[in-house]
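Accompanying notes for the structure given below.
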There are 2 protein chains.
Amino acid sequence: MTDISYPTKDIRLAVDCIIFGFSGSELSLLLIHRGFEPEKGLWSLMGGFVKDDEHLDESPRRVLKSLTGLDDIYLEQVHAFGDVGRDPGGRVVSLTYFALIRKETEDEVLLDEHDARWFPITDLPELIFDHQEMVKSALKQLILKTRIQPIGFNLLPEKFTLPELQSLYEAIYGRRLDDRNFRRRILSLGILEKLEEKEKSNSKKGAYLFRFDKTAYDALREDAAKMNVFLTLF
Amino acid sequence: MTDISYPTKDIRLAVDCIIFGFSGSELSLLLIHRGFEPEKGLWSLMGGFVKDDEHLDESPRRVLKSLTGLDDIYLEQVHAFGDVGRDPGGRVVSLTYFALIRKETEDEVLLDEHDARWFPITDLPELIFDHQEMVKSALKQLILKTRIQPIGFNLLPEKFTLPELQSLYEAIYGRRLDDRNFRRRILSLGILEKLEEKEKSNSKKGAYLFRFDKTAYDALREDAAKMNVFLTLF
DNA sequence: GAAATAAATGTTAAATTGACATTTAATGCA
DNA sequence: TGCATTAAATGTCAATTTAACATTTATTTC
């Protein structure tokens with residue numbers, strides 16, 4: 001940055017969070033019912049202004065904490081939206097972050113206070129401003145990232161079954177996957193630790209629980225990095 | 001964005017451009033010699049402040065125009081850097097954009113005026129502030145994007161040879177590729193139009209020139225989108 | 001002990017990838 | 001004229017990966 005002639009005092013900086021959750025076989029989004037004009041009654045992403053003394057990535061963390069009560073949320077910056085006129089309240093540049101949370105770990109009381117609700121990604125209500133575009137780009141980034149990094153586990157409980165994991169991938173990619181091929185591929189990576197326990201809520205037989213093995217993944221990634229080669233998970 | 005209680009009047013918004021060029025077999029970066037304190041004498045990315053009345057993506061276009069004289073540059077937003085204290089001149093949030101330009105179409109006079117110089121990506125000088133981190137993330141994004149979208153052509157002249165194209169991929173990925181396998185793969189996509197002309201500056205035999213076939217690519221992408229499937233170019 | 005249900009498993013053909021060496025076209029110089 | 005030089009262009013084969021497909025297994029409940 002060399003040109004110091006144009007301070008931009010009138011631009012305000014905000015963050016908006018695209019909060020993904022997963023349950024059953026559905027990927028969903030946590031939205032806020034907007035209680036004031038303009039666009040009263042529509043739904044919106046949860047957001048807030050960046051504080052003067054706060055690092056950028058802290059800002060969505062604070063916002064998410066206030067909405068869900070959760071710390072330690074997986075967050076990724078997506079895009080800056082800031083065209084003139086995108087927000088009728090003045091020049092607001094908004095940084096979007098997507099968040100992956102384990103559904104049902106969030107604080108229901110806080111959610112109620114914010115008039116927040118989960119919506120299936122396939123059936124979203126009308127959103128204010130350019131929030132729909134924000135969701136679209138976040139989903140695109142989630143899809144691309146999921147393919148090459150094991151971030152999906154942030155949407156699942158620590159222990160999960162292979163059918164659950166497959167459903168998650170299907171929900172993210174928006175298409176059905178062959179179960180035999182999925183298992184073979186995902187297990188061959190060696191980044192899942194099979195447990196003795198079974199989860200029986202979905203079937204009589206029960207499905208074995210697995211846990212993500214971060215150490216194994218780090219080694220795998222290290223190897224790929226050494227050879228300057230792309231790592232594709234599924 | 002629902003929380004309206006924290007206006008951020010003291011945050012200034014800037015853009016910094018990571019300008020990639022390619023020639024010979026080298027990927028390089030256009031940098032500016034910093035003529036003033038702090039960090040005088042180091043090199044930096046070309047940047048500037050976002051104007052109050054300018055759409056976000058227009059800002060790097062204006063900056064690039066002033067440096068290179070070029071319009072119609074391929075640009076992609078990369079990341080917002082804005083931690084407190086990253087710029088000693090106050091709270092400055094900087095949006096980074098990477099730019100792909102066809103080297104030697106730029107205006108030499110303007111470059112001289114800005115004390116700008118090309119550096120091989122493998123041999124960069126010391127950069128101010130967090131600009132090295134900016135370069136790193138931009139390069140990462142370039143690599144990922146190159147794999148799935150035909151953006152590399154923006155670094156080449158309209159007509160190019162296969163050896164040139166391969167060199168470009170090698171420079172971006174940072175590893176050697178097998179020429180026979182490269183040709184087979186890239187030609188099988190059907191997105192290159194072979195011309196009658198040959199380019200003879202690099203060899204006695206001469207190499208056939210090709211042109212990127214956008215129509216064919218769009219059809220290919222359309223097909224992939226229909227099936228919700230990933231498209232990998234190379 | 002029979003029915004029901006989801007989990008788990010295996011095979012094969014087709015396609016893709018990776019590794020590898022020779023021939024071709026043109027130039028310039030002897 | 002033809003020989004040396006140089007980078008471009010080409011092909012094969014084995015190994016790996018992928019896609020497509022159906023049956024068996026473990027457990028519960030009636």
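Order of the sequence lines sets the chain letters (A, B, ...), proteins ahead of strands, with each chain counted from 1.
Listed by chain and number, the residues in a ring-ring contact (aromatic ring centres under 6.0 Å, His included) with A:Tyr74 amount to none (sequence neighbours excluded). B:Arg180 pairs by the side chain to side chain donor-acceptor pair (under 3.5 Å) definition with B:Asp178, not counting sequence neighbours. Residues passing the salt bridge (charged side-chain N to carboxylate O under 4.0 Å, His left out) test with B:Arg184, sequence neighbours excluded: none.
Sorted by residue number, the members of residues 189-200 of chain A with any non-hydrogen atom under 4.0 Å from DNA chain D read A:Lys198, A:Lys200. Of the residues in residues 146-153 of chain B, none has a non-hydrogen atom less than 4.0 angstrom from any atom of DNA chain D. Listed by residue number, the members of residues 201-212 of chain A with any heavy atom below 4.0 angstrom from DNA chain C are A:Asn202, A:Ser203, A:Lys204, A:Lys205, A:Gly206, A:Ala207, A:Tyr208.
Looking at B:Asp115, its side chain never comes within 3.5 Å of a backbone N or O of B:His33 through a donor-acceptor pair.
Taking CZ of A:Arg185 as the reference point, atom CG of A:Leu233 lies at 7.5 Å (rounded to 0.5 Å). In this structure, CG in B:Asp130 is found 7.5 Å from OG in B:Ser94, a value given to the nearest 0.5 Å. To the nearest 0.5 angstrom, B:Gln149 atom CD is 11.5 Å from B:Leu144 atom CG.
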Just distance, no hydrogens or angles: give the donor-acceptor pairs under 3.5 Å from side chains in residues 135-143 of chain A, sequence neighbours left out.
from	atom 1	to	atom 2	distance (Å)
A:Ser137	OG	A:Met134	O	3.1
A:Gln141	NE2	A:Glu76	OE2	2.9
A:Gln141	NE2	A:Gln77	O	3.1

Could you go through residues 200-207 of chain B and list every donor-acceptor pair under 3.5 Å that involves a side-chain atom there, pairing it with any protein atom two or more places apart or in another chain?
from	atom 1	to	atom 2	distance (Å)
B:Ser201	OG	B:Glu199	OE2	2.3
B:Ser203	OG	B:Gly206	N	2.8

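In the 5' to 3' direction, nucleotides of DNA chain D lying under 4.0 Å from heavy atoms of chain A begin and end at D:dT18 to D:dT28.
For the ring-ring contact (aromatic ring centres under 6.0 Å, His included) criterion with A:Phe160, the lone passing option out of A:Phe153, A:Phe210, A:Tyr208 is A:Phe153.
The heavy-atom pair separating A:Trp118 from A:Gly21 by the smallest distance is CZ3-N, 3.4 Å. Of all heavy-atom pairs between A:Leu100 and A:Ile151, the closest is CD1-O, 3.4 Å.
A:Phe119 and A:Trp43 have perpendicular rings, their planes meeting at more than 60° on a 0 to 90° scale where under 30° would count as parallel. Ring planes of B:Tyr217 and B:Phe212: tilted class, angle from 30 to 60°.
Comment: B:Arg61 does not engage B:Asp57 in a salt bridge, judged by the lack of any side-chain N to carboxylate O separation of less than 4.0 angstrom.
Remark: the A:Thr96 side chain and the A:Asp16 side chain contain no N/O donor-acceptor pair separated by less than 3.5 Å.
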What protein N or O atoms touch nucleotides 17-20 of chain C N or O atoms at under 3.5 angstrom, if any, and at what distances?
from	atom 1	to	atom 2	distance (Å)
C:dG18	N7	B:Asn181	OD1	3.4
C:dG18	N7	B:Arg184	NH2	2.9
C:dG18	O6	B:Arg184	NH1	2.9
C:dG18	O6	B:Arg184	NH2	3.4
C:dA19	N7	B:Asn181	ND2	3.2
C:dA19	N6	B:Asn181	OD1	3.2
C:dC20	N3	B:Arg180	NH1	3.4
C:dC20	N4	B:Asp178	OD1	3.4
C:dC20	N4	B:Arg180	NE	3.0

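Comparing the axis of the opening five pairs of the helix from C:dG1-D:dC30 to C:dA30-D:dT1 with that of the closing five pairs yields an angle of 10°, rounded to 10°.
The salt bridge (charged side-chain N to carboxylate O under 4.0 Å, His left out) pairs that include a residue from residues 155-165 of chain A are A:Glu158-A:Arg211, A:Lys159-A:Glu197, where partners are two or more places apart or lie in different chains.
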